[in-house]
Amino acid sequence: MSAFTSHMDRALVQARAAADRGEVPVGAVLIDAAGRIVSEDGNRTREMRDPTAHAEILAIRAACAAAGSERLPGHVLWVTLEPCPMCAAAISAARIATLYYGASDPRMGGVTHGARVFDHPQCHHRPEIYDGIGGQASRELLQSFFAGKR
């Protein structure tokens with residue numbers, strides 16, 4: 001068994017890059033079963049003019065393309081903010097094994113708040129979920145970003 005390695009710092013780098021682009025600062029990093037980073041990105045909804053261009057979706061798309069499969073068994077997703085219902089559904093569809101997220105999102109979250117996608121009886125796959133890792137840094141980045149918009 002290998003030692004636990006957090007990839008939240010890399011996800012925060014992606015979130016800061018998203019903020020620098022004027023995007024909501026959310027970053028995601030996807031790790032394969034061997035522990036290698038296979039994709040990482042930040043939100044790009046404005047840049048791509050695509051409401052589905054969330055960090056998690058972009059990371060999942062890139063990892064699936066690299067794997068040549070729509071499924072990512074054994075993969076681990078690190079994301080700075082609790083995934084929304086759309087992203088939670090994509091995580092389930094991709095069969096991602098484990099989800100780590102930083103800050104909770106009581107307003108738009110879909111994991112422990114709101115839709116609670118993984119708790120739905122029709123959910124086909126439920127990842128292991130760990131929250132709060134890097135939560136303070138993720139929260140502060142989001143609060144700073146939105147304070148600058150007001």
Side-chain angles (χ1 to χ4, degrees), residues 1-48 50-67 69 71-114 116-118 125-150:
M1 180 174 195
S2 63
F4 176 80
T5 301
S6 173
H7 294 278
M8 192 58 75
D9 286 345
R10 294 261 323 221
L12 283 163
V13 166
Q14 290 295 331
R16 288 183 195 100
D20 291 345
R21 292 190 300 271
E23 302 276 0
V24 173
V26 177
V29 177
L30 201 48
I31 311 301
D32 69 11
R36 296 177 299 245
I37 294 173
V38 293
S39 63
E40 56 188 314
D41 213 331
N43 278 356
R44 294 182 183 273
T45 59
R46 290 173 184 234
E47 174 188 329
M48 298 176 93
D50 178 356
T52 70
H54 289 196
E56 303 95 317
I57 299 292
L58 297 174
I60 290 168
R61 286 177 184 162
C64 285
S69 174
R71 304 250 168 97
L72 301 169
H75 284 60
V76 177
L77 179 64
W78 293 82
V79 63
T80 58
L81 182 65
E82 176 182 350
C84 72
M86 173 185 70
C87 292
I91 290 164
S92 178
R95 306 299 196 267
I96 290 171
T98 309
L99 167 66
Y100 291 95
Y101 70 85
S104 292
D105 188 353
R107 192 171 83 71
M108 297 294 294
V111 177
T112 57
H113 297 91
R116 300 179 67 131
V117 170
F118 303 126
H125 171 78
R126 293 161 185 83
E128 286 185 58
I129 302 165
Y130 301 92
D131 64 350
I133 296 178
Q136 184 64 30
S138 298
R139 245 182 324 280
E140 288 171 1
L141 181 58
L142 285 157
Q143 288 169 343
S144 173
F145 177 81
F146 286 112
K149 298 285 183 194
R150 292 186 183 116

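All residue numbers in this chain count up from 1 along the given sequence.
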**OP:** Any chance you could measure Leu77, atom CG, to Ile91, atom CD1, to the nearest 0.5 Å?
**Re:** 5.0 Å
Let me have the donor-acceptor pairs involving side chains of residues 53-66, under 3.5 Å, with sequence neighbours excluded, atom names and distances please.
{"from": "His54", "atom 1": "NE2", "to": "Pro51", "atom 2": "O", "distance (Å)": "3.4"}
{"from": "Arg61", "atom 1": "NH2", "to": "Thr52", "atom 2": "OG1", "distance (Å)": "3.0"}

**OP:** Check the pair Asp105, His113 against side chain to side chain contact (heavy atoms under 4.5 Å, CB included), reporting the backbone distance first and the verdict last.
**Re:** CA-CA 7 Å; Asp105 188 353; His113 297 91; 5.7 Å; no
Original post:
Which pairs pass salt bridge (Lys or Arg N to Asp or Glu O under 4.0 Å) with one or both residues in residues 6-17, sequence neighbours excluded?
Top reply: Arg10-Glu40
Original post:
Under the side chain to side chain donor-acceptor pair (under 3.5 Å) test, which residues partner Asp32, sequence neighbours left out?
Top reply: Arg36
All N/O donor-acceptor pairs, side-chain side in residues 94-104, below 3.5 Å, sequence neighbours left out:
{"from": "Arg95", "atom 1": "NH1", "to": "Ser92", "atom 2": "O", "distance (Å)": "3.3"}
{"from": "Arg95", "atom 1": "NH1", "to": "Ala93", "atom 2": "O", "distance (Å)": "3.2"}
{"from": "Tyr101", "atom 1": "OH", "to": "Thr112", "atom 2": "OG1", "distance (Å)": "3.0"}

**OP:** Measure the spacing between CE of Met108 and CD of Glu82 and express it to the nearest 0.5 Å.
**Re:** 11.0 Å
Original post:
Is a side-chain donor or acceptor of Asn43 paired with a backbone partner of Glu23 at a separation under 3.5 angstrom?
Top reply: no
Original post:
Under the side chain to side chain donor-acceptor pair (under 3.5 Å) test, which residues partner Arg139, sequence neighbours left out?
Top reply: Gln136
Original post:
What are the two closest heavy atoms between Val111 and Ala88, and how far apart are they?
Top reply: CG2-CB, 4.4 Å
Original post:
Got a sec: does the CZ of Arg126 have more than 12 other heavy atoms crowding it under 6.0 Å?
Top reply: yes
Subject >> NE2 on His7 to CD1 on Ile31, rounded to 0.5 Å >> reply: 4.0 Å
**OP:** Using the test side-chain contact (heavy atoms from CB on, under 4.5 Å), find all partners of Ala19 that sit at least two apart in sequence or belong to another chain.
**Re:** Pro25, Phe145
Original post:
Looking at Val24 and Ala18, what are the two nearest heavy atoms and their distance?
Top reply: O-CB, 3.9 Å
